[in-house]
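All heavy atoms count here, side chains included; hydrogens, waters and symmetry mates do not. This is a predicted model, so every value here is computed, not measured.
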Amino acid sequence: MPTPAGDDPGRPAGLRIGPLDLAARVDEALRVQAMAFGLSEEEIGIRRYIVQRHMTCRGARALGAFTEDGGLAGFVYGMPNDRTHWWSGVVEPYLRTGGHESWLDGSFVITELHVHPGFQGKGVGRALITLITDTAAEERSILSAIDTDSPARGLYRSLGYTDLARQVLFPSASLPYAVMGAPLPLRRP
């Protein structure tokens, strides 16, 4: 008997979750991110370079949520944290102030997680983040999210992420972010 859509973490909303060659499909992924996150053409161009650079980092990997015709409905990518990376340099003082600087070591960073608006609220984001962290060698995971009450932050909390730092200001962002961390494996509902 087939599993109802959304009940199988590998097939939420009838989608297939699997490895994504993000460097080869960066433009398609950025279209999903632009729709989910609201990016300008200039921001997309900047992020294209960042994504391609990230995918050359040690341990970087990506998963996609694919429709029946192979289209991309969502994606996640991440890598083991490296204190020499830009993101770590920005968040480190905020984490140190709160006594959470050690989270920068031995953590798998969720760099981006985006789901096309037409597939949001159907378990796609949950499946992507749990499946990518399930294969992490690290004992915990960290990420940053806009510091507001949002469905994304609700998802992260339901998986066991807690706030490690709030009101984190990234140089190019107009809104403050929160840095969140969770032990691995992530909590299941």
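Under the salt bridge (charged side-chain N to carboxylate O under 4.0 Å, His left out) criterion, R157 pairs with D149, not counting sequence neighbours. Residues passing the side-chain contact (heavy atoms from CB on, under 4.5 Å) test with H54, sequence neighbours excluded: I50, Y77, M79, T111. Judged as a salt bridge (charged side-chain N to carboxylate O under 4.0 Å, His left out), and not counting sequence neighbours, E138 has no contacts.
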Can you list, pair by pair, the side-chain donor-acceptor contacts under 3.5 Å of residues 166-181, counting residues two or more places apart and other chains?
from : atom 1 : to   : atom 2 : distance (Å)
R166 : NE     : D147 : OD1    : 2.7
R166 : NE     : D147 : OD2    : 3.1
R166 : NH2    : D147 : OD1    : 2.6
Q167 : NE2    : D147 : OD2    : 3.0

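Considering CG of L95 and OG1 of T97, their distance stands at 8.5 Å, rounded to 0.5 Å. A distance of 9.0 Å separates CD1 in I132 from OG in S141, rounded to the nearest 0.5 Å. Atoms CD1 and OH, from I46 and Y49 in turn, are 11.5 Å apart once rounded to the nearest 0.5 Å.
One finds a salt bridge joining E92 and R96 here, because a Lys/Arg side-chain nitrogen approaches an Asp/Glu carboxylate oxygen to under 4.0 Å. Salt bridge status for R25 with E28: present, with a side-chain N to carboxylate O gap under 4.0 Å. Between E43 and R48, no side-chain nitrogen of the basic residue sits less than 4.0 Å from a carboxylate oxygen of the acidic one, so the salt-bridge criterion is not met.
For the pair L143 and Y156, the minimum side-chain heavy-atom distance is below 4.5 Å. At a threshold of 4.5 Å between non-hydrogen side-chain atoms, the residues R83 and D105 count as touching. C57 is listed as a side-chain neighbour of H85, based on a closest heavy-atom distance under 4.5 Å. Between S107 and R140, some side-chain heavy-atom pair lies under the 4.5 Å cut-off.
Linking ILVMFWY residues whenever their side-chain heavy atoms come closer than 4.5 Å, directly or via other members, leaves I110 and Y94 in distinct clusters. Both L184 and L159 belong to a common hydrophobic cluster when Ile, Leu, Val, Met, Phe, Trp and Tyr are linked at side-chain heavy-atom distances under 4.5 angstrom. In the hydrophobic clustering of this structure, F119 groups with L131; members are Ile, Leu, Val, Met, Phe, Trp, Tyr whose side-chain heavy atoms approach within less than 4.5 Å, directly or through other members. Note on V124: it does not cluster hydrophobically with F66, by side-chain heavy-atom contacts below 4.5 Å among ILVMFWY residues.
Side-chain contact check for S88 and N81: at least one donor-acceptor pair (N or O, by modelled atom type) lies under 3.5 Å. Using modelled atom types, one finds a donor on one side chain and an acceptor on the other under 3.5 Å when comparing R126 with S158.
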Quick one: do I146 and F37 satisfy side-chain contact (heavy atoms from CB on, under 4.5 Å)? Show the steps, please. CA-CA 11 Å; I146 294 175; F37 204 60; 3.8 Å; yes
Would you sort out whether L164 and I142 count as a side-chain contact (heavy atoms from CB on, under 4.5 Å), showing the intermediate values? CA-CA 9 Å; L164 303 174; I142 55 177; 4.1 Å; yes
Residue pair V32, V115: steps toward the side-chain contact (heavy atoms from CB on, under 4.5 Å) verdict: CA-CA 7 Å; V32 170; V115 177; 5.8 Å; no
Could you walk me through whether L72 and T67 pass side-chain contact (heavy atoms from CB on, under 4.5 Å), step by step? CA-CA 6 Å; L72 193 61; T67 60; over 6 Å; no
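For F75 against A29, the heavy-atom pair with the smallest separation is CE2-O, 3.2 Å. Between G59 and F108, the shortest heavy-atom contact is O-CE1, 4.4 Å. Residue W87 comes nearest to S144 through the heavy atom pair NE1-OG, 3.1 Å, listed as atom of the first residue, atom of the second, then distance. Residues L128 and A65 come closest through the heavy atom pair CD2-N, 4.0 Å. A23 and Q52 get closest at one heavy-atom pair: O-NE2, 4.2 Å. The two residues G160 and P183 make their nearest non-hydrogen contact at O-CD, 4.2 Å.
Between the side chain of H116 and the backbone N or O of G118, at least one donor-acceptor pair lies under 3.5 Å.
Sorted by first then second residue, the salt bridge (Lys or Arg N to Asp or Glu O under 4.0 Å) pairs that include residues 51-74, not counting sequence neighbours, number zero. Pairs passing the salt bridge (Lys or Arg N to Asp or Glu O under 4.0 Å) check and including a residue from residues 169-189, sequence neighbours excluded, read D134-R188.
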